[in-house]
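A quick write-up on the structure given underneath.
Note on naming: letters A, B, ... go to the chains in the order of the sequence lines (proteins, then strands), and numbering restarts at 1 for each one.
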Amino acid sequence: MAAINGGKGGDDALERYILPVLGIASLFAVWALASGSGWVSTKFLPGPGAVLAEIAKLTQEPYAGSLLQTHLLASLQKFLASFVLGAVVGVPLGLLMGRFRPMDKLIGPLFEGLRFIPPIAWVPFSILWLGTGFMAPVLVIFAGVFSSCVVNAYSGAKLADKAVLEAAQTLGAGRWITLTEVLIPAALPQIVAGLRIGAGFGWQSLIGAELIVGSTGLGYLIIQGESNLTSTVVIAGMVAIGVVGAAIDYVMRRIEGRIRRNWGK
Amino acid sequence: MRREYTNAGSTLTLSAPASPARKGRPKKGNGMKTMRGYTGAAALALLVLIWYLATGPFELVRSVKFPSIPDAYAALTYLIQPGYAGATLLQHIGSSLGLVLLGFAVAILTGIPLGILMGWSKKADAFLNPIFQLIRPIAPIAWIPLTILWFGLGMSAKVFVIWLAAFSPALINTHTGIRNVSAVLMEAAKVHGASSRRLLWSIAIPSALPQIFTGLRMSLQACWMVLVAAELVGSFMGLGHILIVATRDLDSGMIFVAMACIAILGVLMSVLLGAIERRVIPWRR
C-alpha cells in the first residue's frame, strides 16, 4: 500500500501494535466508565462485565424459551436453509439471464423492480404465506440472498470471455458442456462474491425478521430482552449476532480467496 | 450494455424461455433504448396479465394471500383519501422520507470526514479502525431493540439506527478512496510544491469522489432497509407502520400498496443520488 503521508520506519510498531490496542482499550474503557460512573444508568448501558456475566448466564438458564446456544442454532438453521434455497434458485437464474437474451429481457425488468424492495419489507407477505412459525423468515432471507446471487451470477456470465465460449462451441461442445465446463467456471469468482454479499444480507435480514415474527432465534431473544427492559440480554444477544455475522463473513471470504487463488493461475 | 438482438415474440416464449434456438434475428436501427423500453413494457404487461388471471378469473390465489388488481386499487384509494394506520399516504411517506434523509445526512456529515481522516492519517487509522471493525459485524438491524430501550419508539431511535446503518458504507468507501489515490499523482503534486492541505483538497478528495459516491449509494440502500425494519418493529407512522398494521388486519391489498411505495421511493432516491453524482463528478462518465 502506498504510504500517502510518508510514514517512517520508526512509526511501525506504534501503528501496528500500540495504537490498535489503545483503540480497543479506549472503547472498553469509555464503555465501562460510562456505565460504571453512573453517567449513563446501568439500566440502559450495562458495563462490559455485566454483559459477559449475562452471556455466561444465558448459556445456563433459558431466556425467551431457550438457552443462548439453542437460539443461535435456530437462527443458523433458518439462515442456512434459506441461504441454500436462495443460492440454488438465484445463481442458475442469473447465469441464464446473462447467457440468454430472451430470458434477460423478460425477467430483467421485473427483477430490477423487485430489487428495490428491501428484503425486510417481505415480512408481511412472508407471514401471510408461510405463517408465523419456523418458516416465517424464510422468504425474507431468501429475498436478501437471491437478489445478490442473481446480480453477480448475471454479471459473471456477461463478463465471461466471448471468444472462449465461441471456441468451445466451434469445437463441438454442446449446450450443457458449454454451461458446465466453460461458463460456470468462468463466472465462479463472481458467483462466490455474490454468495458472500448475499450471506451478509441474509443474516441481517434474518435478524430483522426474527425481531418481528417467530418464537426462536437471536433476533427473538433481543426483542424479548427489550420488552422486559433487560438491556444486558439485548447487548449479550447483539454480541452473539456480531460473532456469528463475523464468522459467516470469515468463512465466505476464505472460500472466495481460495477460489480466486486457484483461478488466478 | 449491448443489446443488438430483438425478440419480438418475447411475451409468447414464456413457456420455453430458456430455449437458445430463439435468439431472434439481428436488427439494425431502432435505438436500443426504445427496444429496451418495449421489452420492459411487454414484460410488465405480461406480469399484470398473469396477476389479473391468477387473482381474477382463475382464482388461483386467494385474496388473503395476494390482492387482486381491484383490491390493490381499492387499498390505494383508501390509503390516499381517508387514510390508514393513523395517517394518509402522503403523511406516511413524508414521515419515512424525512427520517431517511435526516439519518443519511448525519451519516454523510460523520462518515465521510472520519473516512477522510482515517484514509489520510495512518495513526488515526491504526487507532480507530480496530474499534470500527469490532462494532461493524453487529448488523445495524440488531441495534433496533437497544435503541428502542434508549430512545423509545419515536423519531430519535430511528434516526440513530439509520445513521448507524449508513455510517459504515460511507466511511469504508471514503477510506479506501483516499487510500487508493494514485501515488504518482501525489508525488507529482508534492514535487511541484503543494502543501499537504492542497494535497488533500485538490488531489486526494477529488480523486476519491467516485468511490465516495459508491459508498453513498450503498448507504442509501442500507438506510432504506433499516428504516423499514425499524418501522416494522415499532412505530406510529411511516410505510413500515402501514405494513405491520396491514399484516395484523390481514389486508394483502394494503401490504402490496405499501411495498410498491417502498420500492418506488427507493428507485427515486437512487435516481436522485445518481443525478447529484453526475453534477458533482462531471469528469467521470
Side-chain angles (χ1 to χ4, degrees), chain A residues 1-5 7 11 14-16 19-20 22-24 26-27 44 96 99-103 105-110 113-114 116-121 123-125 127-129 175 203-205 207-208 211-212 219 222-223 225-226 229 231 234-235 237-239 241-243 245-246 249, chain B residues 3 5 7 10 13-14 17-18 20 22-24 39-40 43-44 46-47 64-65 120-123 126-131 134 137-146 148-150 178-179 181 183 186 204 224-225 228-229 232-233 240 243-244 246-247 250 252 255 259 262-263 266-267 270:
Chain A
M1 184 139 302
I4 288 168
N5 238 4
D11 292 346
L14 183 69
E15 277 163 14
R16 197 169 291 179
L19 283 174
L22 222 63
I24 302 264
S26 54
L27 172 72
F44 293 112
L96 284 175
R99 186 82 184 91
F100 303 121
R101 278 216 180 71
M103 200 66 178
K105 288 190 166 169
L106 198 63
I107 300 178
L110 307 180
L114 283 179
F116 274 95
I117 300 173
I120 198 78
V123 165
F125 273 134
I127 293 173
L128 289 191
W129 294 345
R175 209 175 294 145
W203 179 248
Q204 161 147 339
S205 315
I207 299 302
L211 292 178
I212 300 154
I222 61 174
I223 201 73
E226 183 262 316
L229 301 177
S231 52
V234 177
I235 297 180
M238 284 168 66
V239 170
I241 290 167
V243 169
D249 191 57
Chain B
R3 286 165 195 257
Y5 295 98
N7 182 38
S10 65
T13 55
L14 182 75
R22 293 191 107 273
K23 265 216 176 117
T39 46
L44 195 70
L46 179 70
L47 187 76
V64 186
K65 301 273 183 194
W120 192 244
S121 152
K122 281 198 142 185
K123 289 200 176 66
F127 183 73
L128 294 171
N129 206 21
I131 301 178
L134 201 67
I138 301 173
I141 282 183
W143 284 82
I144 292 173
L146 192 63
I148 293 176
L149 272 183
W150 284 354
I178 298 278
R179 265 289 146 84
V181 171
M186 296 290 285
W224 200 224
M225 164 151 178
V228 174
L232 279 170
V233 175
L243 279 180
I244 204 72
T247 308
L250 297 179
S252 64
I255 296 174
M259 278 178 79
I262 289 168
V267 173
S270 79

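Put simply, the side chain of B:Lys65 gets close to the backbone of A:Leu128: a donor and an acceptor are under 3.5 Å apart.
With a threshold of 4.5 angstrom between heavy atoms, B:Leu243 approaches chain A through its backbone and through its side chain. Contact of A:Ile212 with chain B is made through the side chain alone, with heavy-atom distances under 4.5 Å. Heavy atoms closer than 4.5 Å to chain A are found in both the backbone and the side chain of B:Ser252.
Going from atom CD1 of B:Ile141 over to atom CD1 of A:Ile222 covers 10.0 Å, rounded to the nearest 0.5 Å. If you take CH2 on B:Trp143 and CD1 on A:Ile235, they are separated by 7.5 Å, rounding to the nearest 0.5 Å. Going from atom CD1 of A:Ile223 over to atom CG of B:Leu146 covers 11.0 Å, rounded to the nearest 0.5 Å. The distance from atom CH2 of B:Trp150 to atom OG of A:Ser231, rounded to the nearest 0.5 Å, is 9.0 Å. Atom CG of B:Leu134 sits about 6.5 Å away from atom CG of A:Leu27, to the nearest 0.5 Å. Taken to the nearest 0.5 Å, the CD1 atom of A:Ile127 stands 5.5 Å off from the CD1 atom of B:Ile244.
When all heavy atoms of A:Ser26 and B:Ile131 are compared, the pair lying nearest together is OG-CD1, 4.4 Å. Of all heavy-atom pairs spanning A:Leu14 and B:Lys123, the tightest one is CD2-CE, 3.5 Å. Nearest approach of B:Leu149 to A:Glu226, heavy atoms of both residues: CD2-O, 3.8 Å.
Ranked by heavy-atom pairs shorter than 4.5 Å toward chain B, the options A:Ala121, A:Gly245, A:Ala246 are led by A:Ala121. Of the residues considered (B:Leu232, B:Leu47, B:Ile262, B:Leu44), B:Leu232 shows the highest number of contacts with chain A, using heavy-atom pairs under 4.5 Å.
A 4.5 Å side-chain heavy-atom check between B:Pro145 and A:Met238 finds every atom pair outside the cut-off. Side-chain contact between A:Leu211 and B:Ile144 is present, with at least one heavy-atom pair separated by less than 4.5 Å.
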